[in-house]
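A note on names: the letters A, B, ... follow the listed sequences, proteins ahead of strands, and every chain is numbered from 1. Heavy-atom basis, side chains included; hydrogens, waters and symmetry copies ignored.
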2 protein chains.
Amino acid sequence: MLLRHHDAANLAAECARCGVRSASVCAVVPDEDIEQLATYTQHLEFEAGQTFINQDEPAEDFFVVTEGHARLCTLMPDGRRQVTGFASPGQFLGLAADGNYAFNAEALTPLKLCRVTRHGLKLLMSQFPQLEQRLLTEASRELSVAQGRMLLLGRKTARERLASFLTEHAGMAACRDVIVLPMTRTDIADYLGLTIETVSRTLNALRRDGLIEIDHVTRIRLLDRPALEDIAAGGA
Amino acid sequence: MLLRHHDAANLAAECARCGVRSASVCAVVPDEDIEQLATYTQHLEFEAGQTFINQDEPAEDFFVVTEGHARLCTLMPDGRRQVTGFASPGQFLGLAADGNYAFNAEALTPLKLCRVTRHGLKLLMSQFPQLEQRLLTEASRELSVAQGRMLLLGRKTARERLASFLTEHAGMAACRDVIVLPMTRTDIADYLGLTIETVSRTLNALRRDGLIEIDHVTRIRLLDRPALEDIAAGGA
DNA sequence: CGCGAAATTGACCAGACTCAATTGTAGTGG
DNA sequence: CCACTACAATTGAGTCTGGTCAATTTCGCG
């Protein structure tokens, strides 16, 4: 019971992040409701490489990443792949689904998820109106991001794509200029609409130009963030 | 007053399309609320070519297309352009905005819109919970579409992009195989991440292959829809 | 150390872009 | 009705970015 209580609080807090502290959620949710919610809720763990959402399968569930990173991608019959995004803790998955899932989702690192059935999500939303609001905000943000990615995929050069990728992963904060990539070159290539060879070559070109340093295959240090941001934006 | 009533009903029906008939909406909305709503609501008209949403400007309003077609695009400082979508009657605009608009919106044909302020939208949503639901559904659908476009922009060949574009515009229905494009070759090129020359050449290649017929620059007849759909999907 | 997978590097190729010339299409005014 | 203009679209020739294919090299791990 306490565990269930914790589960529901977790869900409401971690799934929703709708501005309500988990404590206050606990206070607000009657015990019988929590029991009801718990039946729709489940915590899952996956190893790196495992697929937990399959493209074209009926979209039954909704997920929230609680730990680790995942990769979302769409596939073409001949194997061509487009990584549409990477999911980190706190992100929602399955929203884009309308009938069937439109993408594959695979664990990039050991992954922990919270799963909610569609029905459970509806229940949650009716109980926490802020959740629906939060989801709408989240979806809007995702749409903005998607537009930026269309610009990247449709109009940017390889150099600009890599610069965009690096600055994006360095985050907005000026704090840390060393980024550790949890994904392979293949993932990066499929994310940027390039080949692994081009990613490798372009990364080395940026290194030769003194813009980055490649400590390790997965560890990159940004030496001149402003210049990279300028390249990313398409500045001459 | 009657006009206002009509405006609000129009808004609730046309903006929301949330499963509630406008008649019943009229019945449900008290007159004082309608007056309140009307202050947040406005009908606008634009001529072809006019811009009504400017990238990077504060996102004050939310729009619904009621008549005509619009073009959404993002720009790079040097003028490179990516058309992220075309909006037709019934579509929402401005959802993707989070603080500032992330795109430009321009009338492609004479255009009629319904404008709602952000505050008015909040008010509407609190009065019609179905509206928020409807917006979330819409956003989810848009996200799915966006993923498909990322695949197109990142991984498809020019031929596949054109085939995708044509079948997409022919709609799902098997009814009509003649499509009339309300946009220029430049718009198509910027939508597909190609140049106008490549669009023109590829279109003629499809014509030579007996897959389409180009009655007029803007009027295209699909002669072999299944084949086009196969190409669009990347079938060998 | 040694194996297999991932990443890098090089040589070559091709699909799409660029630049330029030509043709076609609306729209305008004589 | 027909030039005439301005712009959109097509067509052609040549180039270049990024892809393909193949050979090493490096990394991760038992």
Atom-to-atom span, CG of A:Asp215 to C1' of D:dC27 - whole angstrom: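 Rounding to the nearest Å, CG of A:Asp215 and C1' of D:dC27 are 15 Å apart.
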DNA chain D contacts made by residues 201-211 of chain B, counting heavy atoms under 4.0 Å: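 Of all residues in residues 201-211 of chain B, the ones placing a heavy atom under 4.0 Å from DNA chain D are B:Arg201, B:Asn204.
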Stretch residues 181-195 of chain A: residues that reach within less than 4.0 Å of DNA chain D through a heavy atom: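 Here the set is A:Gly193, A:Leu194, A:Thr195.
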Geometric class of the B:Phe52/B:Phe63 ring pair [parallel <30°, tilted 30-60°, perpendicular >60°]: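 Ring orientation, 0 to 90° scale: perpendicular.
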Parallel, tilted or perpendicular, as decided by the 30° and 60° cut-offs, for the rings of B:Phe86 and B:Tyr191: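 B:Tyr191 vs B:Phe86 ring planes: tilted.
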Whichever of B:Thr198 and B:His216 has its nearest DNA chain C nucleotide further upstream toward 5':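 Counting from the 5' end, the first nearest nucleotide belongs to B:Thr198.
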Atom [atom1] in [X], atom [atom2] in [Y]: separation rounded to 0.5 Å?
{"X": "A:Leu211", "Y": "A:Leu206", "atom1": "CG", "atom2": "CG", "answer": "5.5 Å"}
{"X": "B:Ile212", "Y": "B:Arg221", "atom1": "CD1", "atom2": "CZ", "answer": "12.0 Å"}
{"X": "A:Leu192", "Y": "A:Phe165", "atom1": "CG", "atom2": "CZ", "answer": "6.0 Å"}
{"X": "A:Gln91", "Y": "A:Glu138", "atom1": "CD", "atom2": "CD", "answer": "6.5 Å"}

A:Glu197 vs A:Arg161, nearer the 5' end of DNA chain D by closest nucleotide: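 Of the two residues, A:Arg161 wins.
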Most 5' of A:Val217 and B:Thr218 on DNA chain D, judged by nearest nucleotide: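 Its nearest nucleotide lies further toward 5', so the answer is B:Thr218.
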Salt bridge A:Glu229-A:Arg225, side-chain N to carboxylate O under 4.0 Å: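 Yes, A:Glu229 and A:Arg225 are salt-bridged.
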Any side-chain donor near an acceptor of the partner, B:Asn204 and B:Arg207, under 3.5 Å: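 The answer is yes; a qualifying pair exists.
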A:Arg161 (side chain) donor-acceptor with A:Lys156 (main chain) under 3.5 angstrom: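 Here the side-chain-to-backbone pair exists.
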B:Ala70 backbone acceptor or donor facing B:Glu106 side chain under 3.5 Å: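 Not at all, since once roles are kept as given, no pair shorter than 3.5 Å links the two residues.
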Start and end of the DNA chain C segment that chain B contacts, any atom under 4.0 Å from a heavy atom: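 With heavy atoms of chain B under 4.0 Å away, the range is C:dA16 to C:dA26.
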Phosphate OP1/OP2 of D:dT10: any B:Ser200 side-chain N/O under 4.0 Å: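 Yes, B:Ser200 has a side-chain N/O under 4.0 Å of OP1/OP2 on D:dT10.
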For A:Leu75 against A:Arg81, the heavy-atom pair lying closest together: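 What the structure gives for the nearest pair is CD2-CG, 3.2 Å.
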